[in-house]
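Following: one structure in structure tokens, then a few remarks.
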Amino acid sequence: MSFGRILTAMVTPMNETMEVDYQEAKHLAEYLVAHGSDGIVVCGTTGESPTVTETEKIELFKVVKEAVGSKGTVIAGIGTNSTEASISLARKAAATGVDGLMAVVPYYNKPSQEGMFQHFKAIAEATPLPLMLYNVPGRTSANLMPLTVKRLSEIPNIVALKEAAGSLDQVSELKRMLPASFAVYSGDDSMTLPMLALGCSGIISVAAHVIGDEMKAMVDAWFAGDTAKATDWHLELFPVFKGIFITANPVPVKALLNMYGHKVGGVRLPLVKATAEELKFLQDLMNNVKRIELLQRLELKAASGRAMDQMV
């Protein structure tokens, strides 16, 4: 199956007492698929997976899939640093109707390549759902190497990789080794266009929460063969790609969403809310986003004018 080109790693909305706000999660999911996202990853790191309980995760998988329906894919983040716990969560997630699963490299344990292979193999064998691997050594302290991904790609329902090692050399090795049917997604917004140029499938995005339509314009331009336009979009959006990580994710993007009127609330400890200085920085980013939206409207207006001239 195809998960889509732009998937948003959705934040987990919280209410005033820091309980999960399931109603707002539905609203946000609907908003995302209406503004550029082909699908949603629920309870990844951006969704505060370390501090969201298993019971909360299962309910989130259920309500988000109900909200999105057939309008987009929903991928459940089920990875932990315990193979047994990951398998248990994978089976429960499968019962909620989600379209696929995502499992991160086990963190803190620092398993060997063989340990990673056996971990992901065991998860894949636990359910028939398609499984996406997630490599983010900056958070896990262990790098899933291309040769191990190649071995895992031979397991029928391991179909994709979210790659966030930050190395285009590693991406190049992956694309050289893997079958064309195996999807590789950028795990970093700023790496989206470079990784598309290497033949990757799309992006698992944080920035798409606030610039989803613009990211869709960039990605669509690339796949339409308009590389110059895609590059223009990349350079215009680049400050946002980097700026939303001014402090630990998802603190900045939650602050931005709240500014935009989405009631996603705060973050659970040990994360803390953005400082006054960070909020000022993010407010400036919001102004840049508004300018980007204006540029898009002007571009569409110009295209409409050219079409009218041709008709005359």
Side-chain angles (χ1 to χ4, degrees), residues 3 7 9 41 43-50 75-87 89-90 100-126 130-155 157-207 241-242 244-245 247-250 271:
F3 290 131
L7 307 174
V41 176
C43 293
T45 311
T46 307
E48 298 179 71
S49 57
I75 301 173
I78 54 84
T80 72
N81 61 349
S82 162
T83 306
E84 184 178 353
S86 300
I87 288 172
L89 184 54
L101 308 172
M102 185 179 77
V104 68
V105 168
Y107 39 88
Y108 195 76
N109 315 49
K110 299 184 75 171
S112 66
Q113 296 299 307
E114 182 61 26
M116 293 184 217
F117 175 81
Q118 295 297 337
H119 172 80
F120 290 121
K121 178 175 180 288
I123 295 171
E125 290 174 346
L131 175 66
M132 178 185 292
L133 314 173
Y134 179 18
N135 185 38
V136 56
R139 285 184 177 267
T140 65
S141 298
N143 189 8
L144 181 65
M145 299 304 292
L147 280 172
T148 307
V149 178
K150 184 177 185 298
R151 289 179 66 199
L152 288 164
S153 72
E154 296 168 3
I155 298 170
N157 62 323
I158 297 182
V159 299
L161 167 70
K162 177 183 177 182
E163 175 59 28
S167 168
L168 289 177
D169 286 351
Q170 184 156 311
V171 175
S172 298
E173 287 293 337
L174 286 162
K175 291 303 296 180
R176 272 183 4 95
M177 293 179 180
L178 293 168
S181 59
F182 192 92
V184 178
Y185 288 86
S186 173
D188 296 304
D189 286 297
S190 63
M191 295 280 279
T192 305
L193 191 60
M195 286 182 63
L196 290 178
L198 289 171
C200 293
S201 300
I203 172 69
I204 314 290
S205 176
V206 176
F241 292 158
K242 303 302 287 187
I244 58 171
F245 294 98
T247 189
N249 182 44
L271 298 180

Identify, with sequence neighbours excluded, every residue that meets side-chain contact (heavy atoms from CB on, under 4.5 Å) alongside [X].
X      : result
Leu198 : Leu168, Val171, Ser172
Ala248 : Leu271
Ala9   : Thr46, Ile204
Ala122 : Thr83, Ile87

Next item on the list: Compare every heavy atom of Phe182 with every heavy atom of Ser153, then report the nearest pair and how far apart it is.
Entry: CB-CD1, 3.6 Å
Next item on the list: Over all heavy atoms of both residues, which pair between Pro250 and Glu48 is shortest? Give the atoms and the distance, please.
Entry: CG-CG, 3.8 Å
Just jot down the side-chain hydrogen bond (donor to acceptor under 3.5 Å, both in side chains) partners of [X], sequence neighbours excluded, or say none.
X      : value
Ser49  : none
Asn109 : Asn81
Glu114 : Gln118, Arg151
Thr45  : none

Would you mind writing out the side-chain donor-acceptor pairs for residues 138-146 within the sub-3.5 Å range, not counting sequence neighbours?
residue, atom, partner, partner atom, Å
Thr140, OG1, Val136, O, 3.4
Thr140, OG1, Ala142, N, 3.3
Thr140, OG1, Ala142, O, 2.9
Asn143, OD1, Asn135, ND2, 2.9
Asn143, OD1, Gln170, NE2, 3.0
Asn143, ND2, Gln170, OE1, 3.0

Notebook entry, point to check: Quick one: salt bridge (Lys or Arg N to Asp or Glu O under 4.0 Å) pairs with a partner in residues 163-179, sequence neighbours left out?
Noted result: Glu173-Arg176
Item checked: Pair Val206-Phe241, side chain to side chain contact (heavy atoms under 4.5 Å, CB included): steps then yes or no -> CA-CA 8 Å; Val206 176; Phe241 292 158; over 6 Å; no
Next item on the list: Enumerate the residue pairs fulfilling side chain to side chain donor-acceptor pair (under 3.5 Å) with a member in residues 189-199, sequence neighbours excluded, ordered by first and then second residue.
Entry: Asp189-Ser205
Check: Do Ser186 and Cys200 have side chains that get closer than 4.5 Å, going by heavy atoms?
Finding: no
